[in-house]
Amino acid sequence: MQFEKIIYVGGMTCVNCSRHVEGALRKINGVEDVEVSLLTGRTRIGFSKDIVTDAQIHHAIGRAGYQVLDIQPSPELEAKEMRRKFWFSFLFTLPLMYVSMAPMMGLPLPSFLSMHESFFYNALAQFIFVVPILWFNRSTLINGMRALIQLSPTMDSLVMVGALSSVLYSIFETIFALLGAQSAHHLYFESAGMLLTLILLGKTIEAKGKGRARRALEELMQMAPKQAVLLREDGSEEVIDLARIQAGNILVVKPGEQIPVDGAIVFGHSDVDESMITGESMLVSKEVGQQVLGSTINQQGLLHVKAQNVGAKTVFGQILRMVEQAQADKAPIARMSDQISRWFVPFIFVIAFVSGLSWWLSGADFAFALNIMVAVLVVACPCALGLAVPLAVIIAISSAARHGILLKSGVVLEEMAKVNMMAFDKTGTLTDGQMEIAARYVIDEENSLYHLDLVRSLEQQSTHPIARTIVKSITQIQEYTVENLENLPGSGLRGRVDNHDVLIGKAALIQQHKFAIPEKFSQAVNNPNLQMKVSVFAAIDGRVEALFMLSDHAKEDARHTIHELTGLGMQIVMLSGDQQSVADNIGRRLGFARVYGQLLPDQKALKIADFQKEGFCVAMVGDGINDAVALAKADVGIAVAKGSNVAMESADIVLMKDKLSLLVQAKRISCHTLKIIKENLFWAFSYNLAAVPMAAGVFYIFGGPLLSPMWAALAMGFSSVFVVFNSLRAKYI
């Protein structure tokens, strides 16, 4: 039986660490799927419960050199611990560097520590200072050694080999000196100490960056209410923890309190602040029967809310879950960095060994060759590679959530950046689902106001959306009593108003009564430039006196959004189920160059497939059940606010606010984040790799500079700092 388990793993510091954990778990017989998040430590394991035990999972992780934690690791605690280790390491590095470098810099040093007068005591002092540094960096050394033994070297392996090679060589030199043997009297304790201290500095900064990224999630989590007031059957109230609430419970929400769950109002009315979910600053009026969302704020009246979705099932809970899990889905560019790192570490080992061996065989002493090998290992180590992609992704997803854009995975960030065609559904997506009067015509101009009053008085008796729209469009001068009201389902309305017979309805109803439609009206209805969604005629005493042409009401920001997306170089098309003439009309009004009407749901998907065959990366924007197939077929599916649950489940991106302008923001966030990721990967690899020839002594052959292990560590550390701070730019998109 397939079973899924979530655990948290501690001790991971780079992408190779997460890969190492993943590989160790996949080796267990019965484990089918593994996802490891370096940033959060969250590890999802899919396995057969009949075969795999918890003990096997814990043993595999422990054997790989990492720890299974009871709770999710805290980036703040990790950063605090890393900072403590760094400062202790730094305190021992200072005297180590002084004892080592004082003679070369002309600084005073006791005679018994002088390298020229007492090489052994100088070496012993350096050894005493480097031992605590090795201790504070033991996790790096142990993890690097374990990975190397298992033939799966990580970035820690590079550091471990470089540091221990320097220390071991220096120890042998010290022993030779104690025994009175001739030696080169070269010590590299200070190189190992400085290397490990700088590595700790880089990891401290990285841990701080992880903490900032995690804090964005925690800020969202802290917005959720922790308790609720339960209304018991006897009318009493009890404050209970949110975890105890069940669907069907009646909860009391007082003014100023957060609504704890998604549910429906069963008593009271109030204005609700939904900005936490939708980002909309305007208060929303809520009455009995209407839905409310958990974590929104009741502003005024007392409400009784019947719980429907609780905890993780609420909209707010889903936002938290999606943001937290998004980083685990690796985009192609993230998978590419994983693949590069697989061969990068072994490749650097070969380069370092060959460089050191070549110098030794060419006549250089062993100490110089060792110095070359260590420098290559250190400068090539891109320790920030593990955060180059996930840190930028998680910050970007959190930033998008604050804007009201829910990205369901990290993969969609890269896909959205590639999108060069955006297809829109019409009704409910480009329009708000309501109609407006686009054109109105009358025959008798002299009596038009009176006739319109008759029409308005009759239409006021109906609750139909078309009737409501016509009523709103007419400025009332006088209201008349309606007699003999007759509702004609699907056709129109008939009645006697101020002693006049008034008939209102579609062309078919007018023709059914054999009333003549004026030529003026026929031309308007058949004019392709004025073709509307609905045409309504009004006849008074057997004569057609007025024509109302209704169209969908476009969303306020629709035209501006289309213009901005076009300005970004995207092809914009409309895929509508409405008549072609109706779709063309609103398409022209909003600035669409390509409009496709009369499409069934499967035909929309086929049309998207055609675009993809043409080489376009297509995003589909829709809101209804009929858009679900197209949303799933598109490279990126985008569901707008207030859309159907099916559409939202089929989509990769959900716009939590009813604003199409968020599409532009989503595109910009994706493009900017992808740019940051590419910069990170370029810096993490190219910068370090470019320094390898200098560390290997290629320029030294021609009289150029030679990169020492200490300067190599400093250069590598600067690379890590750049990647972390560059990733944090995603927060301000």
*How close do Trp360 and Ala369 get, heavy atom to heavy atom, and via which atoms?*
CB-CB, 3.8 Å
*What heavy-atom pair brings Ile372 and Gly356 nearest, and what distance separates the two atoms?*
CG2-N, 4.2 Å
*Please check if the side chain of Trp135 supplies one atom and the backbone of Val130 the other of a donor-acceptor pair under 3.5 Å.*
no
*How long is the span from the CD1 atom in Ile28 to the CD1 atom in Ile45, to the nearest 0.5 Å?*
7.0 Å
*All side chain to side chain contact (heavy atoms under 4.5 Å, CB included) counterparts of Thr53, not counting sequence neighbours*: Ala55, Gln56
*Excluding sequence neighbours, so at least two apart, what forms salt bridge (charged side-chain N to carboxylate O under 4.0 Å, His left out) with Arg138?*
none
*How about Met145 and Leu164: do any of their side-chain heavy atoms sit closer than 4.5 Å?*
yes
*NE2/His672 to CD1/Ile677 distance, rounded to the nearest 0.5 angstrom?*
11.0 Å
_Over 12 foreign heavy atoms within 6.0 Å of NE2, His58_ = yes
_Heavy atoms from other residues, nucleotides or ligands near CZ of Arg84 exceed 12 (cutoff 6.0 Å)_ = yes
*Once you round to the nearest 0.5 Å, how far does OG1 of Thr43 lie from CD of Glu22?*
9.0 Å
*asked:* With side-chain contact (heavy atoms from CB on, under 4.5 Å) as the criterion, how do Leu196 and Leu141 come out once you've worked through the C-alpha distance, each side chain's angles and the decisive distance to 0.1 Å?
replied: CA-CA 9 Å; Leu196 293 173; Leu141 301 175; 4.2 Å; yes
*How would you list, by chain and number, every residue that makes a side chain to side chain contact (heavy atoms under 4.5 Å, CB included) with Phe353, sequence neighbours excluded?*
Leu357
*Below 4.5 Å, heavy atoms only, C-beta onward: do Phe88 and Pro132 meet side chain to side chain?*
no
*Check against side-chain contact (heavy atoms from CB on, under 4.5 Å), Ile653 and Met416*: CA-CA 9 Å; Ile653 299 175; Met416 188 62 181; 4.1 Å; yes
*Not counting sequence neighbours, which residues clear side chain to side chain contact (heavy atoms under 4.5 Å, CB included) with Phe90? List them please.*
Phe86, Trp87, Leu94, Thr197
*To the nearest 0.5 Å, what is the distance between CD1 (Ile669) and NE2 (His403)?*
5.5 Å
*To the nearest 0.5 Å, what is the distance between CD1 (Ile405) and CD (Gln665)?*
5.5 Å
*Take Val9 and Val36 through the test side-chain contact (heavy atoms from CB on, under 4.5 Å) and record every step on the way to the result.*
CA-CA 9 Å; Val9 178; Val36 182; 5.8 Å; no
*Take Phe189 and Leu96 through the test side-chain contact (heavy atoms from CB on, under 4.5 Å) and record every step on the way to the result.*
CA-CA 8 Å; Phe189 288 122; Leu96 171 63; 4.1 Å; yes
_So Leu413 and Leu674, do their side chains get closer than 4.5 Å, heavy atoms only?_
no
*Distance-minimising heavy-atom pair for Glu32 and Arg26*: O-NH1, 3.9 Å
*Using side-chain hydrogen bond (donor to acceptor under 3.5 Å, both in side chains) as the criterion, list what pairs up with Arg44, not counting sequence neighbours.*
Glu4, Asp33, Glu35
*Can you tell me how far the CG atom of Leu25 sits from the NZ atom of Lys27, to the nearest 0.5 Å?*
10.5 Å
*Tyr66 and Gly10: which non-hydrogen atoms are nearest, and at how many Å?*
CB-O, 3.4 Å
*Do the rings of Phe129 and Phe92 sit parallel, tilted or perpendicular, given the 30° and 60° boundaries?*
tilted
*Can you name the side chain to side chain contact (heavy atoms under 4.5 Å, CB included) partners of Ala24, sequence neighbours left out?*
Ala64
*Ignoring hydrogens and geometry, is there a side-chain-to-backbone donor-acceptor pair from Ser89 to Lys85 under 3.5 Å?*
no
